[in-house]
Amino acid sequence: MKLFKNLCIAALAALIAVPAFAENPLISGAFSADPSAHVFNGKIYVFPSHDIPAPPGSRNKRGFNMPDYHVYSSENLFDWTDHGVIVDQEKVPWVDGKSYSMWAPDCNFKNGKYYFYFPAHQKDGRNAIGVAIADNPEGPYVPQEKPIPGVNGIDPCIFIDDDGTPYLTWQAQGNVLVVARLKDNMVELDSEIVTVNHNVPRNGLKEGPFMFKRNGKYYYSFPWCERQTECICYCMGDSPMGPFEYKGKIMEQNTDCWTNHHSVVEYKGQWYFFYHHNDYCREHDVNRSICAEYLTFNEDGTIQQITPTQRGVGITPATNKIQIDRYSAIGDSNHVWVEYNRTENPFAGWKTVFRNKDNYRRPIWIEYDRVDFGEKDLSTAIVHVFARVGGSGTIEFHADAVDGELIAKIPIVAKDEWQDASAAVLKQLKGVHNLFVTMPDGVLMHVDWVQFK
Ligand code: FUB
């Protein structure tokens, strides 16, 4: 089984030409939500919405405050370039410039232009969906004078079929998902608005639709509040206008963040699922952050359910600072957990806390999978660690299992300050392995990252 898992990892590594080593959340330093991911010109572009803490003068102190849109791009899903504000509520002629109502957008390419669709409040307070047009995915985008005639609602998704026909789907008033064909000019409807026949088995709010095509089948997926919070479910069909057959959930509801919102994209032979969570804001769930996971299809085209992770996607070079708090698995939560480096600034990231309480005898561990040790020997293992005086001990690195081969054993002399402790690499690894970090002895240690040189 372990051999099979390692072979799969190696196959994945070979498939992804550009090394991808993303961890969740993808964007730090600003909140981002409702990620709409597309591949343009060989790069991934994500068009998220932009949550901000309620500004003075906001009419919506407890809800979403969303003033503008940025676009981000990446070639490896780890290094993201923020191309800045592409559409601003104050600069769209039809939008109420103080409404902070720029909810989930989408973008697509046709006839040599990029068309960015976004919802917002009109000056009379009603929701409409407008378009901004650019020659490049990064912009500059020019907003149209007026929103799309006849389209009221939120969460537009723009799907372009293989024959070039554009379809717009969105959540219309009355909790109903609808779809219409667009004219070739991309800014006017070319058909009746049709209620999407998705055959979801039970009631509950539905919003944020996303449509894509694979092997001739149309996939129609959307957040659905079946119980307490939103899961992401999907349907399949033979036409972009439906009907669709309900197939199940791609991601279950989670407990911390009421909304979820997603997109699906294939990039360099790998399918990815983008979604959001409130990782950088634990007090409430209206300041969110975008994440990504692998998406896998079954032979019959159905989708395997995805569990959100901290680890995210991709392979991390062993020579990087490896943020083990973005773990793939973790031991007993009484003895090892993750917390913010600085509670007053969540964007400063996380650390792993190892604590030996009541003379706990089993290993205290955390796993970070998919680390690429390369082909050359590495001499030194480093841990960036904080241990209080009286708490000296050891941090160990193991390969592929808690009790797997010992890669390094690093003595930690407690200093009451952050330090880079290091030791010689005992076991040379080649290629991709899962890294287990353990604290076999010691009392309380905080680890920010580990690294090999
Ligand atoms: O981001 C604001 C709204 O929350 C979106 O439009 C919905 O899809 C939900 O994510």
Expected output: side-chain N108 to main-chain F159 donor-acceptor under 3.5 Å: no

Under a 3.5 Å distance rule, please check whether D285 uses its side chain to pair with a backbone N or O of W258 as donor and acceptor. yes

Give the C-alpha distance, both sets of side-chain angles, the deciding distance and a yes or no for side chain to side chain donor-acceptor pair (under 3.5 Å) between E293 and Y275. CA-CA 8 Å; E293 309 290 346; Y275 63 105; 2.5 Å; yes

Audit row: D325, R311, salt bridge (charged side-chain N to carboxylate O under 4.0 Å, His left out) steps and yes/no: CA-CA 8 Å; D325 47 72; R311 178 65 187 85; over 6 Å; no

Between D51 and R288, is the closest basic N to carboxylate O distance under 4.0 Å? yes

With a 4.0 Å cut-off, would you call D377 and K430 a salt bridge? yes

For a ring-ring contact (aromatic ring centres under 6.0 Å, His included) check, start with the C-alpha distance between Y141 and Y114, then their side-chain angles and the critical distance, and finish with the verdict. CA-CA 8 Å; Y141 283 85; Y114 295 85; 7.4 Å; no

Would the number of heavy atoms belonging to other residues, nucleotides or ligands and lying under 6.0 Å from CD of Q305 be above 12? yes

In this structure, OG of S328 is separated from CD of Q310 (nearest 0.5 Å) by 10.0 Å

Would you check, one step at a time, whether the test side-chain contact (heavy atoms from CB on, under 4.5 Å) holds for F222 with E207? CA-CA 6 Å; F222 49 91; E207 56 181 356; over 6 Å; no

Residues H50 and D68: side-chain donor-acceptor under 3.5 angstrom: yes

One pair to check against ring-ring contact (aromatic ring centres under 6.0 Å, His included): W350 and Y327. What are the steps and the verdict? CA-CA 11 Å; W350 291 266; Y327 60 87; over 10 Å; no

Any Lys/Arg nitrogen of E226 or K249 sitting under 4.0 Å from an Asp/Glu carboxylate oxygen of the other? yes

Determine, stepwise, if the pair H83 / S73 fulfils side chain to side chain donor-acceptor pair (under 3.5 Å). CA-CA 8 Å; H83 299 283; S73 71; 2.7 Å; yes

Any side-chain donor-acceptor pair under 3.5 Å between N341 and H446? no

Please find the pair of heavy atoms, one from G42 and one from Y267, that lie closest to each other, and give the distance. O-OH, 3.1 Å

For L435 and I407: C-alpha separation, side-chain torsions, deciding distance, then whether side-chain contact (heavy atoms from CB on, under 4.5 Å) applies. CA-CA 9 Å; L435 177 66; I407 310 171; 3.8 Å; yes

Which is it for F297 and Y219 under the ring-ring contact (aromatic ring centres under 6.0 Å, His included) test, yes or no, and what are the steps along the way? CA-CA 12 Å; F297 293 92; Y219 289 76; 5.6 Å; yes

Are the charged groups of E90 and K98 less than 4.0 angstrom apart, N to O? yes

Within the 6.0 Å centroid threshold, strictly below: H262 and F273: yes

Go through the steps to decide whether T259 and H276 satisfy the test side chain to side chain donor-acceptor pair (under 3.5 Å), and finish with yes or no. CA-CA 8 Å; T259 63; H276 71 221; 2.8 Å; yes

Tell me whether the count of non-hydrogen atoms from other residues, nucleotides or ligands lying under 6.0 Å of NZ in K376 goes above 12. no

How long is the straight-line distance from CH2 of W103 back to OG of S49, given to the nearest 0.5 Å? 10.0 Å

Return the minimal non-hydrogen interatomic distance between W271 and R214, and the atom names on each side. CZ2-CD, 3.7 Å

Does the side chain to side chain donor-acceptor pair (under 3.5 Å) test come out yes or no for E230 and Q253, once each step is laid out? CA-CA 5 Å; E230 290 182 332; Q253 64 170 4; over 6 Å; no

Does atom NZ of K110 have more than 12 heavy-atom neighbours, drawn from other residues, nucleotides or ligands, at distances under 6.0 Å? yes

Hey, are R355 and D332 close enough for a salt bridge, meaning a charged N less than 4.0 Å from a carboxylate O? no

Nearest-0.5 Å distance that lies between atom CD in Q89 and atom OG in S99: 5.0 Å

Considering only heavy atoms from C-beta outward, does the side chain of N65 approach that of V286 to under 4.5 Å? no

Give a yes or no on whether the ring-centroid distance for Y69 and F47 is below 6.0 angstrom. no

Looking only at heavy atoms, which two atoms of C107 and I158 are closest? And how far apart? C-CG2, 3.7 Å

Could you report the tightest heavy-atom contact between P48 and P105, atom names first, then the distance? O-CG, 3.9 Å

Atom CG in D34, atom CD1 in I290: separation rounded to 0.5 Å? 10.0 Å

State, with a plain yes or no, whether a side-chain heavy atom of I324 is found less than 4.5 Å away from one of V447. yes

Indicate yes or no for a side-chain donor-acceptor contact from N320 to the backbone of I322 under 3.5 Å, with no hydrogens or angles considered. no

Kindly check if the number of other-residue, nucleotide or ligand heavy atoms within 6.0 Å of NZ (K123) is above 12? yes

Short side-chain donor-acceptor distance under 3.5 Å, S289 and D279: no

Could you walk me through whether F397 and F436 satisfy the ring-ring contact (aromatic ring centres under 6.0 Å, His included) test, starting with their C-alpha distance in whole Å, then the side-chain angles of each, then the deciding distance to 0.1 Å, before giving a yes or no? CA-CA 6 Å; F397 298 169; F436 285 76; over 10 Å; no

Give, for atom NE2 of H433 and atom CG of D372, the distance between the pair rounded to the nearest 0.5 Å. 9.0 Å

Kindly determine whether L205 and W224 satisfy side-chain contact (heavy atoms from CB on, under 4.5 Å), including the steps that lead there. CA-CA 6 Å; L205 181 95; W224 167 35; over 6 Å; no

Can R326 be said to sit on top of Y368's aromatic six-ring, NZ or CZ under 6.0 Å from centre and within 45° of the ring axis? no

With sequence neighbours left out, what residues match R342 under salt bridge (Lys or Arg N to Asp or Glu O under 4.0 Å)? E344

Please report whether the ring centroid of F31 lies less than 6.0 Å from that of F347. yes

Pick one: which of V450, I412, D441 meets side-chain contact (heavy atoms from CB on, under 4.5 Å) with I395? I412

Treating Q171 as the side-chain partner and L177 as the backbone partner, does any N or O pair qualify as donor plus acceptor under 3.5 Å? no

Would V353 and V336 satisfy side-chain contact (heavy atoms from CB on, under 4.5 Å), going step by step from the backbone distance to the final call? CA-CA 5 Å; V353 182; V336 55; over 6 Å; no

Residues two or more places apart in sequence or in another chain: which of them pass salt bridge (Lys or Arg N to Asp or Glu O under 4.0 Å) with D416? R388

So which atom in Y360 and which in I364 form the shortest heavy-atom distance, rounded to 0.1 Å? CD2-CG1, 3.6 Å

Let me confirm one number: the OG1-CG distance from T380 to D420, rounded to the nearest 0.5 Å. 11.5 Å

For W170 and I154, work out which heavy atoms get closest and say how close. CB-O, 3.3 Å

Just wondering, do E396 and H398 contact through their side chains at under 4.5 Å, heavy atoms? yes

